[in-house]
Every structure is written in C-alpha cells, then in structure tokens.
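Just so you know, these numbers use all the heavy atoms, side chains as well, and skip hydrogens, waters and symmetry mates. These figures come from a predicted structure and were not determined experimentally.
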Amino acid sequence: MATDDDFMDIALSAAVTAEDHDDVPVGCVVVADGLVIGVGENRRQIDGDPTAHAEIVALRAAARHRGHWRLDGVTVYVTLEPCAMCAGALLNARVARVIIGAMEPKTGAVGSRYNLLADPRLLHEADVTYGVREGECAELLSEFFRERREKFDPPVDFTPRH
C-alpha cells in the first residue's frame, strides 16, 4: 500500500517537470482510494496563465477524471504550501485532506500567513498534514531560486581596476 511519502515522491517528480520548463518547481497529486486521479505542476510560464499553479492543474485533471467538480474524499499532496487562490480551490473542490511538503512563509494560506483550510467561517474544512518530505521539497525550491539569482543577478566584482 502506498504511503504519504510515496505520493509526495510523485508530486516531487511533477515539480521537477515544472522546473524543466522554467516554472517554479511545485508539484501536486490528487489521490482517491489509493489511486492517483490527477497530477499537476506549475505551468504559469509555459501556458502564459497566472492561474496555472500545480494545485489548479491537478484539481482540473482530477475533476475531468471524476467527471464532476466535487472531489469529496480525496487527498491532495503538494510540495509547497498553497497560496490563497489554491487554498480556495481546495476548499471549493471539497478535498478531505491536504499533505504539504515545504511551508511558504511569504504567501502560504494553509498555516503560514492564513489557514483557510481550518477556518470554520468558510464552507468547508480539510485535514492538513505538514512536513512530508519537507527537506527535499524545500531544497528543490531553494536551488531553483539560487540558480535564478545567479543567472539574473550575477555577483558584482568590486576589485579596483588600474
């Protein structure tokens, strides 16, 4: 039987696919009854779509698989804490459980800045597990942004020239 680590491994593979097309390496997997029904990676750059976050892409694939927008009972695995848009989509899809790899202290909406999935004023709540394969998820993102900084902000040489 597959574990949370196993499904997060699939999400990490999707994140690498995002990086391959110069998107922020975030991956997401939707699982129902132990079966993967949706996989997504960030596709904002390649699709030119500001809503093409990994969670949205995976939820759309899962809804197509089910033939309905309601995804009751599913578990979602995502390598990075969802933003407010994605947390809202998770709520609207009625997911049961969300498994998060790394936290996002700047824009995270499932524990860092906000916790939309645990707000009783909203239409739905989901169980959340944090830190599954956290080190690997965080390192993938750190390395991506480190490389981008080096590429677009090369170090300045302050050696005096005579």
Side-chain angles (χ1 to χ4, degrees), residues 1-19 23-45 47 49-145:
M1 182 162 172
T3 66
D4 287 348
D5 281 357
D6 295 329
F7 289 119
M8 189 60 79
D9 191 51
I10 298 168
L12 279 161
S13 293
V16 170
T17 300
E19 185 174 28
D23 271 287
V24 176
V26 177
C28 183
V29 175
V30 181
V31 176
D33 301 318
L35 300 173
V36 173
I37 63 168
V39 178
E41 80 273 359
N42 271 359
R43 297 187 55 84
R44 293 181 309 164
Q45 297 297 333
D47 290 352
D49 180 354
T51 69
H53 289 202
E55 299 92 329
I56 302 299
V57 173
L59 289 172
R60 287 176 178 160
R64 280 192 303 275
H65 176 85
R66 279 220 169 148
H68 196 272
W69 63 268
R70 286 188 75 116
L71 299 175
D72 297 297
V74 304
T75 299
V76 172
Y77 296 82
V78 62
T79 59
L80 183 65
E81 177 185 3
C83 68
M85 174 183 70
C86 293
L90 294 166
L91 286 174
N92 284 316
R94 312 299 200 276
V95 302
R97 186 171 171 231
V98 178
I99 312 299
I100 297 171
M103 298 302 283
E104 172 43 283
K106 292 181 181 178
T107 62
V110 185
S112 291
R113 289 283 183 188
Y114 313 98
N115 195 344
L116 296 177
L117 299 185
D119 189 332
R121 297 170 297 176
L122 299 176
L123 58 99
H124 178 73
E125 293 180 53
D127 292 330
V128 180
T129 300
Y130 301 97
V132 174
R133 310 272 300 263
E134 180 176 16
E136 294 165 78
C137 294
E139 181 56 32
L140 186 62
L141 289 156
S142 293
E143 183 62 26
F144 175 80
F145 286 112

Check: [Y] main-chain N/O paired with [X] side-chain donor or acceptor under 3.5 Å:
{"X": "Arg94", "Y": "Asn92", "value": "yes"}
{"X": "Arg97", "Y": "Thr129", "value": "no"}
{"X": "Asp9", "Y": "Asp6", "value": "no"}
{"X": "Glu81", "Y": "Ser112", "value": "yes"}

Report all side-chain donor-acceptor pairs from residues 116-123 shorter than 3.5 Å, counting only partners two or more places apart or in another chain.
unit_1 : atom_1 : unit_2 : atom_2 : d
Asp119 : OD1    : Arg121 : N      : 2.9
Asp119 : OD1    : Arg121 : NE     : 2.9
Asp119 : OD2    : Arg121 : NE     : 3.3
Asp119 : OD2    : Arg121 : NH2    : 2.6

For a 4.5 angstrom cut-off between non-hydrogen side-chain atoms, does [X] reach [Y]?
{"X": "Met8", "Y": "Cys137", "result": "yes"}
{"X": "Ile56", "Y": "Cys28", "result": "no"}
{"X": "Tyr77", "Y": "Ile10", "result": "no"}
{"X": "Pro25", "Y": "Asn42", "result": "no"}
{"X": "His65", "Y": "Val30", "result": "no"}
{"X": "His53", "Y": "Val78", "result": "no"}

Atom [atom1] of [X] and atom [atom2] of [Y]: how far apart are they, to the nearest 0.5 Å?
{"X": "Asp127", "Y": "Glu125", "atom1": "CG", "atom2": "CD", "result": "9.0 Å"}
{"X": "Thr51", "Y": "Arg43", "atom1": "OG1", "atom2": "CZ", "result": "12.0 Å"}
{"X": "Leu12", "Y": "Thr79", "atom1": "CG", "atom2": "OG1", "result": "6.0 Å"}

Under the salt bridge (Lys or Arg N to Asp or Glu O under 4.0 Å) test, which residues partner Asp23, sequence neighbours left out? none

Partners passing salt bridge (Lys or Arg N to Asp or Glu O under 4.0 Å) against Asp5 (at least two apart in sequence or in another chain): none

Taking every heavy atom of Leu80 against every heavy atom of Met103, the minimum-distance pair comes out as CD1-O, 3.7 Å

Could you check Thr17 against Glu41 for side-chain hydrogen bond (donor to acceptor under 3.5 Å, both in side chains), going step by step and ending with a plain yes or no? CA-CA 7 Å; Thr17 300; Glu41 80 273 359; 5.5 Å; no

